[in-house]
Amino acid sequence: MTCPSALERMTGPVQEETPDSERKTPDQRAKMSDIERLRHSCAHVLATAIAKLWPDAQFAAGPPVENGFYYDVDLAHRISPDDFAKIEAEMKVVVKANQVFEKVVVTRDQALADAQKGRLAALGDRAVPSRFKLDIVQGIPEGESITYFKNGEFIDLCAGPHVMRTGNIGAFKLTHVASAYYKGDEKNPQLQRIYGTAFKNKTEMEAYFTMIEESKKRDHRKLGAEMGLYVMDTEYVGPGLPLWLPNGTAIVEELEKLAKETEFAAGYVRVRTPHIAKEKMYKTSGHLPYYAESMFPPMEFDENEKLRSELEIKTERLWAQVCELSRADAKLRGVDEENAMTYVEKVLLGEEAALGKLPPRISELYTEHRSASKALRNLPDAEFYFLKAMNCPHHHRIFAAEPRSYRDLPLRLAEYGCCYRYEQSGELLGLMRVRSLNMNDAHIYCTTEQFATEFNAVNEMYLKYFKIFGLEKYQMRFSTHSKEGLGKKYVDEPELWIQTETMVRDVLKNSGINFVEVSNEAAFYGPKIDVQVWSAIGREFTIATNQVDFAVPKRFGLVYKDRDNSEKTPLCIHRAPLGTHERFIAFLIEHYAGNFPLWLAPEQVRVLTIGDDDALVNYAREIVTELRASMVRAEGDFGTDKINGKVQRAEQAKVHTMLVIGPRDMAASAVSIRVHGKGNVGVKPRAEAVSDILAAIKARTA
RNA sequence: GCCGAAGUAGCUCAGCGGUAGAGCACCGGUUUCGUAAACCGUAGGUCGAGGGUUCGAUCCCCUCCUUCGGCUCCA
């Protein structure tokens, strides 16, 4: 289904990932690709070098990762990139020595004893135990074999696998150093994580670093600023809240147009919902307990604020008066001070007959107090409103707004809903991670029988989009639940989980879509698919998500009337093929290096005049007007600059098509066409040039 | 949120205890040029914010904000 990208050819097929905090099973280890094996081995070489330079280093984990490897180390010396040359030199010695990676099977007791002696992840015995290794040994399940890998004097607790010899590592380089918690838990000590990468040979490594350089040039934050797509006004608007400038908005609206056309053809209907909703919405949906901290704090909204405070003051005042008078009355009746209130309350509350005994003024005040506090109690509570972090609950309420029949299904509600998520400050990253986001969202309500067709149609839509954007490599990550998470991370519906996961798996298998299955990463309400794509330079992006929801419609009590007159809860498919505008455009900027195809280019056409002669400018202006009348984003540059200057400015602004107009063109009713990055492509009659442009935009061709 | 680094004109950067600098862009002129920069000039800054040290702070110290590199998280 997919062509291997340059990166894939370099790094081998993408593997299922396992979070650091979880151990890889022996089964997963067996699947380790050649390049991962090599990188894992290089991590050992790194540790060998560090152990030589700083013998007191304590090592934790050193796995291969997507583009390389790392080793986590606890060390008093703070390793900085300045140390890399020194470490790499030691690593080179190890690689040159061509040491054998020798696998040694040991008993648990032996491993524990060695860890105590500080012998693990070290070149010899040490005064202090290898404390992380000790912890890891203790975590290995009974019955699983415990192995070391030994290269030279360096012994590491490791399940492998490794390459045969250190000399098999053809090229390596340390890249950066970061911090990480042991086992990814912030309660654990913080370690230094030293990253590096390794390849079979130097050529492959150079290709990799070329790609990294290229991705820096294509960084959406850099290009987004240069091209005037968006700005972050952190001072007045806030971090993670992008302002879309006219150029960026043009792209946003083209994507919306694409989605609207595609969805309309596929039988979706459009809806619009507010940006906020009451607390009840998210209590009902079940999002609040799971996601409260990543939602913006609620706004308290009290319609009766004034009345409430008046009543509060009034009840307090009345009660104070009642108390005062009652004490005086009790005293009069000879009840001692200590029991005065008890006495009065008893009379007031219970003994009706005794009412008459009290001075009428107290009864009166008491009655007044009672009615005021009743009024206070009866005031509706203040409401809490949340900014919506997702559109689904609003759509569920649209489903609930009318009685639904099985004839209405599937019902496909689509909206470019603007959501707000309080992403942690350290998470914000240009447009990739933001706090306000526009989702290409839709919710499909369907019956169990309709599910496979609907789910498949959604996947087909993804593929259609991939084609438009020229994405050759993609992968669907099918995330399922875990039994242990039921009732915690996941709604406690074991049968529905199995049932929906089976349905999704069957659809994926039958359609031949490229997917991998990952357990324990589902949404809380059902299995999901994360859509990964690879940009033109081979970087991976997770752009979209597609989820099954068998839980939340039930929580909202959504039902449709089936053929047999029974009420049934629909299944819901959440889908957003273009993800969020923000992330998708960030991806497109890198993918196209800012050189957008005509239909997406913020400025599609710029008409440049050679000179500023009146007749010429009029002719050029006519062309701009004609194009704009057909919704082409065309501008004119009619100034006094030399044509070279105008061309350069247009090229730098990445204007897709430049129409250069000089006296010769005007005389022939023609235009001279120049395409961004391609140079002068020749002269055409004006009418033909215009119709070509319109046709290319309509076809959304590159 | 956590660890580390950085914030000087719209952009790219220089300066680093003693009056704040350049190029490009902007603006005003001049130039009339056939496909990646014609020329001249004006203007532009609380040197991220607040506090401290100092005779004097863009520079040194502290706090905060934001950004960047990671970690954690991602409905």
Can you tell me the distance, in whole Å, between the [atom1] atom of [X] and the [atom2] atom of [N]?
X       : N      : atom1 : atom2 : result
M658(A) : G34(B) : CE    : P     : 18 Å
N546(A) : A75(B) : CG    : C1'   : 14 Å
L428(A) : C71(B) : CG    : C1'   : 15 Å
E423(A) : A75(B) : CD    : C1'   : 10 Å
K222(A) : C13(B) : NZ    : C1'   : 15 Å
I194(A) : G4(B)  : CD1   : C1'   : 14 Å
F524(A) : A75(B) : CZ    : P     : 10 Å
E235(A) : G10(B) : CD    : P     : 12 Å

For the side chain of [X], starting at C-beta, report the closest nucleotide among [options].
X       : options                : value
Q648(A) : A36(B), G70(B), U67(B) : A36(B)
N644(A) : A37(B), A75(B), U67(B) : A37(B)
A523(A) : G34(B), A75(B), C71(B) : A75(B)
Q652(A) : U67(B), G34(B), A36(B) : A36(B)
Q424(A) : C73(B), G69(B), C71(B) : C73(B)
S425(A) : A75(B), G1(B), A38(B)  : G1(B)

*Using the closest heavy atom to pick a nucleotide of RNA chain B for each, name whichever of D612(A) or G677(A) lands nearer the 5' end.*
D612(A)
*Find which nucleotide of RNA chain B each of G240(A) and R649(A) is nearest to by heavy atoms, and output the residue with the more 5' nucleotide.*
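Nearer the 5' end of the strand: R649(A).
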_Electrostatic pair E603(A):R606(A) at N-O distance under 4.0 angstrom_ =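 Between R606(A) and E603(A) there is a salt bridge, with a charged N closer than 4.0 Å to a carboxylate O.
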_Test: R686(A) and D665(A) ion pair at under 4.0 Å_ = no
Nearest-angstrom distance, [atom1] atom, [N] to [M]:
N      : M      : atom1 : result
G45(B) : A9(B)  : P     : 10 Å
C16(B) : C65(B) : C1'   : 23 Å
G18(B) : A25(B) : P     : 33 Å
C59(B) : U19(B) : C1'   : 16 Å
C61(B) : U42(B) : C1'   : 41 Å
G17(B) : G7(B)  : P     : 15 Å

Does [X] contact [N] through a side-chain donor or acceptor facing the base, at a distance under 3.5 Å?
X       : N      : answer
R674(A) : A36(B) : yes
S294(A) : A75(B) : yes
R433(A) : C73(B) : yes
D665(A) : G34(B) : yes

[N] phosphate, OP1 or OP2, under 4.0 Å from [X] side-chain N/O:
X       : N      : value
R221(A) : G69(B) : yes
T640(A) : U31(B) : no
K642(A) : A37(B) : no
Y236(A) : U66(B) : no

*Can we call the ring centroids of F550(A) and Y525(A) under 6.0 Å apart?*
no
*Around K554(A), counting heavy atoms of other residues, nucleotides and ligands shown, do more than 12 lie under 6.0 Å from its NZ?*
no
_Applying side-chain hydrogen bond (donor to acceptor under 3.5 Å, both in side chains) to K646(A) and T609(A), what does each step give before you reach the verdict?_
CA-CA 9 Å; K646(A) 293 184 185 179; T609(A) 55; 3.1 Å; yes
*asked:* If only side-chain N and O atoms count, and only distance matters, is there a donor-acceptor pair under 3.5 Å linking E415(A) with T273(A)?
replied: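 Distance-only check passes for T273(A) and E415(A).
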*Report which part of the nucleic acid E293(A) touches: base, sugar-phosphate, or nothing (heavy-atom distance under 4.0 Å, all strands).*
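Result for E293(A) = nothing.
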*Over-ring placement of R193(A) relative to Y70(A), 6.0 Å and 45° cut-offs*: yes
